[in-house]
Amino acid sequence: MTLQAAGTEVSYTITYLEMDARPSFDYPHLPVGSSAALLRANDPPVWYFLSLYDAVGRDYAWEDMHALPEDEVRGQLERSDLYTLMDHGWPHGFFMLEGLPDNVVDLAYFGLVPEAVGSGLGGWLLKTAILTAWERPGVEKVTVNTCTLDHPRALALYQKNGFMPVRRKEA
């Protein structure tokens with residue numbers, strides 16, 4: 001990892017991916033020895049979402065939600081389903097599914113906290129997120145995007161689980 005001075009603009013590439021059919025895999029089993037549980041948040045407060053967002057994204061320049069007014073963040077939460085991966089009494093990761101027009105569900109946010117990376121939970125959580133998205137009524141497509149600032153294995157993990165790149169954008 002190369003360190004940059006604060007305030008330095010960094011260029012990056014965003015990859016947009018889609019899945020237009022439910023994958024053939026079933027809900028996965030938790031890794032051996034895991035006591036994890038997935039909890040859906042009902043009407044989560046903004047601070048709860050932002051704490052997960054920060055815990056997962058702090059090493060990957062996740063900053064965009066902090067630039068939005070609180071009511072916009074709350075609006076996104078109202079349009080979305082937020083799931084928290086809990087293990088040993090604390091959050092290990094989360095995903096958020098947002099319904100979009102034309103029967104599309106976007107995997108708007110996904111990730112593990114640094115302490116959970118390498119635990120085997122990432123693949124389990126992603127497969128669970130994908131299948132949960134496909135459980136929504138009328139879904140015809142699931143989308144996600146990642147960028148070169150995200151975890152170095154993010155793009156490969158999405159592709160391994162059935163997402164196909166549809167476009168790239170330099171930012």
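All heavy atoms count here, side chains included; hydrogens, waters and symmetry mates do not.
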Query raised in the report: Hey, mind stepping through Glu18 and Arg167 against salt bridge (charged side-chain N to carboxylate O under 4.0 Å, His left out) and telling me if it holds?
Result: CA-CA 10 Å; Glu18 295 181 352; Arg167 70 183 171 102; over 6 Å; no

**Report entry** Where Tyr27 and Thr132 come nearest, the two heavy atoms and their spacing
**Finding:** OH-N, 3.5 Å

Query raised in the report: Which atom pair, heavy atoms only, marks the closest approach of Leu107 to Ala129?
Result: CD1-CB, 4.1 Å

**Report entry** Pairwise distance OH(Tyr60) to CG(Leu149) - rounded to 0.5 angstrom
**Finding:** 11.0 Å

Query raised in the report: Using 30° and 60° as the class limits, which term best fits the ring planes of Tyr83 and Phe95: parallel, tilted or perpendicular?
Result: parallel

Report task. Give the minimum heavy-atom separation between Pro114 and Ala55, together with the two atoms involved. Result -> CD-O, 3.4 Å

Report task. Assess whether atom CG of Asp71 is packed by more than 12 heavy atoms of other residues, nucleotides or ligands within 6.0 Å. Result -> yes

Query - Any donor-acceptor N or O pair under 3.5 Å, side chains Tyr53, Asp64 - result: yes

Report summary line: So CD1 of Ile14 and OG1 of Thr146: to nearest 0.5 Å the spacing works out to 9.5 Å

Query raised in the report: Is there a side-chain contact between Met65 and Leu68, using heavy atoms and a 4.5 Å cut-off?
Result: yes

Requested in this report: Determine, using the 4.5 Å side-chain heavy-atom cutoff (strictly less than), whether Leu77 and Tyr109 are members of one ILVMFWY cluster.
Outcome: yes

**Report entry** hydrophobic_cluster_shared for Leu112 and Leu155, side chain cutoff 4.5 Å
**Finding:** yes

Query raised in the report: Does a side-chain heavy-atom distance below 4.5 Å link Leu30 with Leu121?
Result: yes

Query raised in the report: Is Val139 reachable from Phe25 through a run of I, L, V, M, F, W or Y residues, each pair having side-chain heavy atoms under 4.5 Å apart?
Result: yes

Requested in this report: Please name the pair of heavy atoms, one in Tyr48 and one in Ser51, separated by the smallest distance, quoted to 0.1 Å.
Outcome: O-OG, 2.7 Å

Query raised in the report: Does one hydrophobic cluster hold both Met86 and Trp47, with members joined at side-chain heavy-atom distances below 4.5 Å?
Result: no

Requested in this report: Taking atom NE2 of His66 as the centre, report whether more than 12 heavy atoms of other residues, nucleotides or ligands fall under 6.0 Å from it.
Outcome: yes

**Report entry** Contact check, side chains of Tyr158 and Thr15, non-hydrogen atoms, under 4.5 Å
**Finding:** no

Query - Spatial distance of atom CZ (Arg22) from atom CG (Leu131) [nearest 0.5 Å] - result: 5.0 Å

Requested in this report: Give the cluster check for Val46 versus Met96: same hydrophobic cluster or not, with ILVMFWY residues linked at side-chain heavy-atom distances below 4.5 Å.
Outcome: yes

**Report entry** Heavy-atom pair with the smallest gap, counting every atom of Pro165 and Leu17
**Finding:** N-CD2, 3.8 Å

Report task. Report yes if the side chains of Val142 and Phe163 come closer than 4.5 Å at any heavy-atom pair, otherwise no. Result -> yes

Requested in this report: Look at the side chain of Thr148 and the backbone N and O of Thr13, then say whether any donor-acceptor pair between them is shorter than 3.5 Å.
Outcome: yes

Query - Distance (rounded to the nearest 0.5 Å) between Asp54 CG and Asp59 CG - result: 11.0 Å

Query raised in the report: Do Arg136 and Asp81 come within less than 4.5 Å of each other through their side chains, counting heavy atoms only?
Result: yes

Query raised in the report: Under a 4.5 Å cut-off applied to non-hydrogen side-chain atoms, are Val105 and Trp134 in contact?
Result: no

Query raised in the report: Would you call Ser34 and Asp87 a side-chain contact if the rule is heavy atoms closer than 4.5 Å?
Result: yes

**Report entry** Separation of Phe110 CZ from Leu85 CG (nearest 0.5 Å)
**Finding:** 9.0 Å

Report task. Could you grab the distance from atom CD of Glu140 to atom CE of Met19, nearest 0.5 Å is fine? Result -> 15.5 Å

Query raised in the report: Any chance CG of Asn103 has more than 12 other-residue heavy atoms, nucleotides or ligands included, within less than 6.0 Å?
Result: yes

Requested in this report: Report, as yes or no, whether the 6.0 Å neighbourhood of atom CZ on Arg153 holds more than 12 heavy atoms from other residues, nucleotides or ligands.
Outcome: no

Query raised in the report: Run the side chain to side chain contact (heavy atoms under 4.5 Å, CB included) check on Asp150 and Trp62 step by step: do they pass?
Result: CA-CA 9 Å; Asp150 284 339; Trp62 287 16; 3.1 Å; yes

Query raised in the report: Do Thr84 and Leu38 touch side chain to side chain, with heavy atoms closer than 4.5 Å?
Result: no

Report summary line: Closest non-hydrogen contact found for Ile130 with Pro23 is CG2-CG, 3.7 Å

